[in-house]
There are 2 protein chains.
Amino acid sequence: MNVTGHTRRPASIRDVATAAGVSYQTVSRVINDHPSVKQSTRERVLAAIDELGFRRNASALALASGRSRAVTVLTANTTHYGYASILQGIEEAARAASYAVGIGVLESADEAAVAAEVERAADAGGGLIVIAYDPAGVRALGAVPAELPVVGVVETPAGPPGGDRPWVWTDDREAGYEATRHLLSLGHETVHHVAIPSSTRRTSARTAGWQQALREAGAPEPRPVQGRWGPAGGHAAGLGLAADPAVTAILCGNDDLAVGVLRALHECGRSVPGDVSIAGFDDAPHSAYLTPSLTTVRLDFTGLGRAAFALLHGVVEESAQIAPHPVSVPALVVRESSGPPPVRP
Amino acid sequence: MNVTGHTRRPASIRDVATAAGVSYQTVSRVINDHPSVKQSTRERVLAAIDELGFRRNASALALASGRSRAVTVLTANTTHYGYASILQGIEEAARAASYAVGIGVLESADEAAVAAEVERAADAGGGLIVIAYDPAGVRALGAVPAELPVVGVVETPAGPPGGDRPWVWTDDREAGYEATRHLLSLGHETVHHVAIPSSTRRTSARTAGWQQALREAGAPEPRPVQGRWGPAGGHAAGLGLAADPAVTAILCGNDDLAVGVLRALHECGRSVPGDVSIAGFDDAPHSAYLTPSLTTVRLDFTGLGRAAFALLHGVVEESAQIAPHPVSVPALVVRESSGPPPVRP
DNA sequence: GCGCCTTGTGTGACCGGTCACATTCATGCC
DNA sequence: GGCATGAATGTGACCGGTCACACAAGGCGC
């Protein structure tokens, strides 16, 4: 609450200049740490800056200098663990490079809605990072005008999504493969699968890895159950699988789904891992503390976010280029929820 | 990929103007939907805009018009359910008002670090929303220069945090009170408490509500166990409580902590709710699907975020003012994890 | 004692928009 | 027919910075 009551407009460098008895250019030199300013002058200007509460106008800076030092993240979700962690990684790296971080949520995968959101993000200026793990994200990545600097966080590097845009990725296919191999190695005849909503109309990379492992092992390939996001989706899908006594192992598209599946099995009186083994993806913070604790595949989302920013930074600043490769190998974490199948009667 | 190879600077309204054979002001009128532009002219300009891929420069717009239509959210965390949900609510409301949303993470509560982050956020222009649920956030709210438009999302409206800034809040104290009353009403002699890290040096509002309920009921007041964030913190705290046979009811500062406490009790062979009852806060998505499902207090974080933005919007645009009151009443959700205490031998 | 470089400072144009005002032309009214 | 009115468009200044360049004063070599 200032005493004057009405909000006066903030001080500009010219205000500071007159207050300090110098030209605006000298003020500009001071705030930019230009060497050739006399010490006494510098102090006078700094005093004026402090007194007037001068704050450099970001818009004017961006307009005049051309560089915006901003990145906007487009994502379909901000609350799911994986998405939130990627965002966190991006923010970390951006902060270190003193970039501003903006977010835009793709609430619907609808063509027009996505286009509008991309437009908004583009208007914000600066670079773009699009999390293209789902249809909305993939569509958004495709809708980004060609002249804008953009990096995609994608599920699979090959294939149409992303076009010729730079991208980063985690090896979700490998993760799915590893997890499935683990379950098969315990003696399960096959592994059922509750899939996350996929980025393409076909199947997610995780699902593809699962399929590959089954095929290599010569195991039967049950049809994957399409889950919605979140524990509720897992629960719904799990109720169906729990009713089938032939199901002894379930690979869940992420840990959230796994929570729902665990609950569904519990409700149907099937024990984990006694009757059914469960594995998830992501190693969310609570997964280790569930009962039973969850076997899962850990993916370095935060590192992925950092890599995405680093890549964008390289593109925008046209300096060091970073090779777009998987930033980390997925790590299988075996816990209580997976074990050998029940002995056949 | 444009054929020229080198990135040419984006088209401005003057480029569009010459291409369409009109003045730059006419272009400005077209992009602002000014009524008095001849239909044929408008079409000509729109065609030129389309052809040149013109995009209105956000910085120039903000600089010239004064209005920035941006809000920066300062928060200590983006992944915890409550924080993430508030952010989601803010984004939703901001998107509806076509505001850009920026985020700044307060990684440390250290005075200098917080000040630097506030500075960065202020530089970004536009309004600020500070989530002041923790020491870093409270400190940040206090460090915001007086002349900047800011709204705090606070734990308790009274008291020093926030100063005379506008704020929104959820009635965490009431939530703590309700949950404790519920547990007492089941017949527990008293309720133990694992607290979330508090916003002040004293106790969180949730803890205060718990205390009040115990006092009113004349129940003994055990010292609250200070937990860190997340399931790991809950687990550590839970191991201590699980060892004490006198403990029959535990109120956890949030659902994440509750997951850890549940696990700790399980490891110590104490059943829930048979031996010990558990309640949490927040009603996180997975809480309903845990085994046992978690009794908790639901708080409308998304609505809180929307309200925070609405308030800021009112402050910035100096139009409709919204009364800063609790946006929703906390709702107790009773599930499997709470029940009567075990019968004394 | 003159030119020359260095240090310190100021001036004008510019970034890409908006705003206030001026101008042109067609129309309606008396 | 003269004039006010309104629609359609253009001109100049301005927002708050940066950049390129000009310029004054002092130190140094010759």
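Just so we're on the same page: letters track the sequence lines, and every chain starts at 1.
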What's the NE2-P distance between A/H34 and D/dG17, to the nearest Å? 18 Å
From D/dG10, C/dG17, C/dT11, nucleotide with atom closest to B/V22 side chain: D/dG10
Spacing between A/R69 atom CZ and D/dT18 atom P, to the nearest angstrom: 13 Å
A/R42 vs C/dT9: side-chain N/O to OP1/OP2 distance below 4.0 Å: no
Closest nucleotide among D/dA20, D/dG17, C/dT18 to the B/Y24 side chain: C/dT18
Would you kindly say whether A/D134 and A/Y83 are connected by a side-chain donor-acceptor distance under 3.5 Å? yes
Can you work out whether B/K38 or A/A11 has the more 5'-proximal nearest nucleotide on DNA chain D? B/K38
Does a side-chain N or O from A/T41 land closer than 4.0 Å to OP1 or OP2 of C/dT9, or not? yes
From C-beta outward on A/N32, which listed nucleotide comes closest to its side chain: C/dG10, D/dT18, C/dT18? D/dT18
Heavy-atom side-chain contact between A/F309 and A/V73 under 4.5 Å: no
From the options D/dG17, C/dG17, D/dT18, select the nucleotide whose nearest atom is closest to the side chain of B/I13. C/dG17
What's the shortest heavy-atom distance between A/R14 and A/Y24, and which atoms? NH1-CE2, 3.6 Å
Any A/S28 side-chain N or O less than 4.0 Å from OP1/OP2 of D/dT18: yes
Across the strands shown, which category fits A/S36 at heavy-atom distances under 4.0 angstrom: base, sugar-phosphate, nothing? base
Helix axis bend for the helix from C/dG1-D/dC30 to C/dC30-D/dG1 - C1'-based end axes, five pairs, 10° rounding: 50°
Would you tell me if any nitrogen or oxygen in the side chain of B/R67 comes within less than 4.0 Å of OP1 or OP2 on C/dT18? no
Please answer whether the main-chain N or O of B/V105 pairs with a side-chain N or O of A/E91 as donor and acceptor at a distance below 3.5 Å. yes
For a quick test of reading the model, state the closest non-hydrogen atom pair linking B/I49 to B/I31 and the distance between them. CD1-CG2, 3.6 Å
Which heavy atom of B/V114 sits nearest to which heavy atom of B/S108, and what is that distance? CG2-O, 3.4 Å
Does B/S23 put a side-chain nitrogen or oxygen below 4.0 Å from OP1 or OP2 of D/dG10? yes
Touch class at under 4.0 angstrom, heavy-atom based, for B/L61 against every strand present: sugar-phosphate
The nucleotide from C/dC15, C/dA20, D/dT9 with an atom nearest the side chain of A/A64 is C/dC15
Is there a donor-acceptor contact under 3.5 Å linking the side chains of B/T79 and B/N77? yes
Nearest to side-chain heavy atoms of A/L63, which nucleotide of C/dG17, C/dC15, D/dA20: C/dC15
Which listed nucleotide (D/dG17, D/dG12, D/dA8) is nearest to the side chain of A/N57? D/dG17
Base C/dG17 to side chain B/R14, donor-acceptor N/O within 3.5 Å cut-off: yes
So does B/T26 get a side-chain nitrogen or oxygen closer than 4.0 Å to the phosphate oxygens (OP1/OP2) of D/dG10? yes
Basic-acidic side-chain contact under 4.0 Å: B/R95, B/E92: no
From CG of B/D15 across to C1' of C/dG16 the rounded distance in Å is 10 Å
Nearest of C/dG16, C/dT18, D/dT18 to any side-chain atom of B/S65? C/dT18
Looking only at side-chain N and O atoms, does A/R29 come under 4.0 Å of OP1 or OP2 in C/dG10? no
Give the rounded distance in Å between these two atoms: CD of A/Q25 and P of C/dT9. 12 Å
